[in-house]
Amino acid sequence: MKSLVETEVDAANALAASQGVEAVRDALAATNPEALERQKQQKRIGLKPLPNAVDGSVVLRFAPNPNGPLTIGHARGVSINSQFAEMHDGKVVLRFDDTDTKIKPPLPAAYEWIEDEYEWLAGKPADIVIRASDRMPIYLEHAKQMISGGFGYVCRCSASDFKQLRDSKEACPCRERSIENNLSDWNAMIEGEISEGGAVVRVKTGLDLPNPALRDWPALRIQHTPHPMVGQKYKVWPLLDFQSAIEDHEQGVTHIVRGKDLMDSTRKQTLLYQHFGWKYPETLYWGRVKVHEFGGFSTSGMRNEIEEGIYSDWDDARLPTLRALRRRGFDASALRAFWIDLGLTQKDISISMQTIESFNSSVIDERCERRSFVRNARTLHLNWNNCPEGRVDDASIARHPSGTISGSREWNLGDGSILIETDDLDNNEIRLKDFADIEIVENEARVQSLDRSDKRAIVHWLPTSMARPATLTRAVESDFIIEEGMIENFELTVGAIVQLERVGFARIESIPKDGAIELLYLHG
RNA sequence: GCUCGUGUGGUGUAGUUCGGUCCAUCAUGUCGCCCUCUCGAGGCGACGACCCGGGUUCAAAUCCCGGCACGAGCACCA
């Protein structure tokens with residue numbers, strides 16, 4: 001039996017065959033004219049809603065390792081999680097996953113930095129803030145339950161021996177020992193009687209699982225190195241998969257958004273949840289992100305390079321940390337908008353700072369005052385002899401060209417000498433922006449008219465009396481390029497972001513009593 | 001090697017659930033023009049993509065099969 005659609009399609013095809021497609025078009029126009037109109041495709045804006053979300057009871061989490069401040073990559077986690085929370089009237093738990101004392105040890109200062117950076121980006125503080133290292137009793141208790149329940153055991157095989165057995169789907173000898181023996185080994189572990197590497201607690205899983213990574217995965221291991229925040233108190237520390245699984249359950253997390261490199265974590269943790277009889281949260285993934293200009297982001301790598309003196313500190317403008325971006329003048333809402341526009345996909349992507357900069361420009365442009373910055377300054381003396389309007393001693397220039405900031409910058413021409421960039425000397429007839437047309441003859445700027453008389457190039461300039469020496473520092477790859485010049489000395493304040501006309505946005509870093517003002521380049 | 005995942009313009013992204021309204025969305029980029037007293041902003045236009053090969057179907061970016069490419073996990077790191 002043919003469906004109605006098929007019947008109609010056949011009819012239409014028959015019509016087209018006998019009388020041509022025009023006949024079909026005409027028939028459609030007569031019966032159903034709106035079917036002939038094409039509607040344009042639209043792009044979905046913002047994030048797709050979370051699956052199986054109940055508005056008002058969504059709990060998400062953002063769980064960085066506090067071994068350094070947040071990087072631009074973490075910004076994705078903060079932006080996406082906080083955005084989902086906003087969409088679903090949910091909460092975000094900021095959790096410090098600081099259960100490794102050895103390989104990626106926590107940096108005590110980072111806890112506060114991260115809370116602060118989270119708030120900066122999300123626009124409000126995290127709803128709940130917890131540290132895994134504060135919650136050790138809970139994890140140890142669950143480990144004990146797991147052993148008592150017979151779905152976890154203490155394994156004393158070496159890592160390589162275990163790997164061999166696991167790869168051939170064989171049980172290790174420790175697996176079949178009694179619960180009593182396991183509990184006594186467990187006590188020895190937590191009392192510090194077994195040295196590092198001497199034992200590990202494993203979660204029992206099917207040994208014939210197709211994915212070898214999942215078979216009897218390790219949940220806790222021994223670390224005798226003191227923890228920067230809680231000292232020597234614990235000898236056994238949970239691994240990420242165990243700690244995170246228990247804590248997500250404790251916090252009632254409903255949705256986990258994590259990197260797809262953690263897909264196996266989801267599978268391991270689901271097995272653990274089954275042992276405990278819990279329901280695993282909804283899980284979503286994103287792919288790996290690289291930024292052309294920076295490559296990947298390794299917190300431990302940066303930490304080393306800072307210690308070696310390659311970078312001055314975490315806010316070194318060459319680094320992809322949030323601290324550095326913030327210092328340079330990136331706006332939180334622009335960064336957030338950028339990440340939300342990228343959305344949540346499992347594709348591995350490589351993005352360009354140019355795109356982020358464009359988001360930033362559109363946010364900061366209207367609130368940045370203009371200033372003149374003349375590089376490689378060359379002095380010219382104004383000559384008014386040929387100016388029809390006569391001599392002028394002051395210039396009044398808008399703080400912002402489109403008036404989003406009202407008022408003007410008042411320039412006094414002082415002794416009549418001005419500065420322009422050496423590169424602008426290529427033409428001898430130019431226009432001083434917002435001021436006058438001039439002809440350059442040797443060291444003289446002969447004023448031809450105040451009004452714009454033709455289409456000649458417009459250059460930025462400065463009266464010598466308004467100029468102060470300044471340096472503009474630009475982070476380019478792993479170097480700094482420093483340009484010297486003269487900055488317009490009009491209402492300069494440390495920390496302000498200004499747009500240097502024809503140069504780009506920059507932040508005023510310092511204004512010393514004597515010497516050059518320091519400017520840090522943001523972007524064009 | 002085993003396991004898992006992903007392939008839409010230069011870069012990202014929408015559309016893929018449920019085949020037709022898709023000669024494929026938007027942003028960014030590049031180029032050109034207009035406007036503007038910045039090389040900024042704004043406006044207009046151009047460029048440029050469904051990984052490949054089969055199959056199903058009247059109809060495939062979308063479904064099926066087979067390749068290929070790339071990435072990740074297989075840590076007593078997170």
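Predicted, not measured: the structure shown is a model, and the values here were computed from it. Labels below follow one simple rule: chain letters A, B, ... track the order of the sequence lines, proteins then strands, and each chain is numbered from 1. Side-chain atoms are counted along with the backbone in the values below, which use heavy atoms only and exclude waters and symmetry mates.
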Legend entry - Set of side-chain contact (heavy atoms from CB on, under 4.5 Å) partners for A:Pro108, sequence neighbours left out: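 A:Pro228, A:Met229.
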Inset, instruction - Just jot down the side-chain contact (heavy atoms from CB on, under 4.5 Å) partners of A:Ala219, sequence neighbours excluded, or say none. - result: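 Listed in chain order: A:Met146, A:Val203, A:Trp217, A:Phe242.
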Inset, instruction - Check step by step if side-chain hydrogen bond (donor to acceptor under 3.5 Å, both in side chains) holds for A:Asp264 and A:Asn211. - result: CA-CA 9 Å; A:Asp264 282 351; A:Asn211 187 346; 3.2 Å; yes
Legend entry - A:Trp461 and A:Phe435 aromatic centres sub-6.0 Å: yes
Legend entry - A:Arg221 side-chain N/O to A:Val236 backbone N/O, donor-acceptor pair under 3.5 Å: no
Inset, instruction - Kindly express the pairing pattern of RNA chain B in dot-bracket notation, using | wherever a base pairs with another strand and counting only Watson-Crick or G-U pairs under 3.5 Å. - result: (((((((..(((.......[.....)))((((((.......))))))...(((((..]....))))))))))))....
[M] and [N], which share atom name [atom1], separated by this distance in whole Å:
N	M	atom1	answer
B:C58	B:G73	C1'	46 Å
B:A27	B:A41	P	15 Å
B:C44	B:C4	P	49 Å
B:U28	B:G45	P	14 Å
B:C31	B:C39	C1'	16 Å
B:G54	B:C70	P	23 Å
B:G5	B:A24	P	32 Å
B:G10	B:A49	P	7 Å

Distances for protein N or O near nucleotides 75-78 of chain B N or O, under 3.5 Å:
from, atom 1, to, atom 2, distance (Å)
B:A75, OP2, A:Arg166, NH2, 3.4
B:C76, N3, A:Gly197, O, 3.2
B:C76, N4, A:Cys157, O, 3.1
B:C76, N4, A:Ala159, N, 3.2
B:C76, N4, A:Gly197, O, 3.3
B:C77, OP2, A:Arg221, NE, 2.2
B:C77, OP2, A:Arg221, NH2, 2.6
B:C77, O3', A:Arg221, NH2, 3.3
B:C77, O2', A:Asp100, OD2, 3.0
B:C77, O2, A:Lys104, NZ, 2.4
B:A78, OP1, A:Thr99, OG1, 3.1
B:A78, OP1, A:Arg221, NH2, 3.1
B:A78, OP2, A:Leu240, N, 3.0
B:A78, O3', A:Asp97, O, 3.0

Inset, instruction - Please report the shortest heavy-atom distance between A:Trp186 and A:Ala143, naming the atom on each side. - result: CH2-CB, 3.6 Å
Legend entry - Within residues 283-297 of chain A or reaching into it, pairs that qualify as salt bridge (charged side-chain N to carboxylate O under 4.0 Å, His left out) - sequence neighbours excluded: none
Legend entry - Interatomic distance, A:Glu410 atom CD to A:Met466 atom CE [nearest 0.5 angstrom]: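 If I round to the nearest 0.5 Å, the distance is 9.0 Å.
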Inset, instruction - Any side chain to side chain donor-acceptor pair (under 3.5 Å) involving residues 192-201 of chain A? Give me the pairs, sequence neighbours left out, ordered by first then second residue. - result: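 Qualifying pairs, neighbours excluded: A:Lys102-A:Glu196.
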Inset, instruction - Would you mind listing every side chain to side chain donor-acceptor pair (under 3.5 Å) that reaches into residues 451-460 of chain A, with sequence neighbours excluded? - result: A:Glu421-A:His460, A:Asp437-A:Ser453, A:Gln448-A:Arg456, A:Asp454-A:Arg456, A:His460-A:Arg502
Inset, instruction - Scan nucleotides 3-14 of chain B nucleotide by nucleotide, 5' to 3', and note B when protein non-hydrogen atoms come under 4.0 Å of the base, S if they reach only the sugar-phosphate, - if neither. - result: SSSS-S--SBSB
Inset, instruction - At under 4.0 Å between heavy atoms, which parts of nucleotides 32-49 of chain B does protein reach? Answer with one letter per nucleotide, 5' to 3': B base, S sugar-phosphate only, - none. - result: -----BBBBS--------
Legend entry - salt bridge (charged side-chain N to carboxylate O under 4.0 Å, His left out) against A:Arg336, all qualifying residues, sequence neighbours excluded: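 With sequence neighbours excluded, A:Arg336 shows a salt bridge (charged side-chain N to carboxylate O under 4.0 Å, His left out) to A:Glu86, given in chain and number order.
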Legend entry - salt bridge (charged side-chain N to carboxylate O under 4.0 Å, His left out) involving A:Arg156 - partner list, sequence neighbours excluded: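 A:Asp185.
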Legend entry - ring-ring contact (aromatic ring centres under 6.0 Å, His included) partners for A:Tyr280, two or more places apart: A:Tyr273
Legend entry - Separation of atom CH2 in A:Trp339 from atom C1' in B:A27, rounded to whole Å: 15 Å
Inset, instruction - Send over the distance from A:Lys169 NZ to B:G1 P, rounded to a whole Å. - result: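 That distance rounds to 18 Å.
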Inset, instruction - Establish, yes or no, whether the cationic atom of A:Arg95 lies under 6.0 Å from the six-membered ring centre of A:Phe62 and within 45° of the ring axis. - result: no
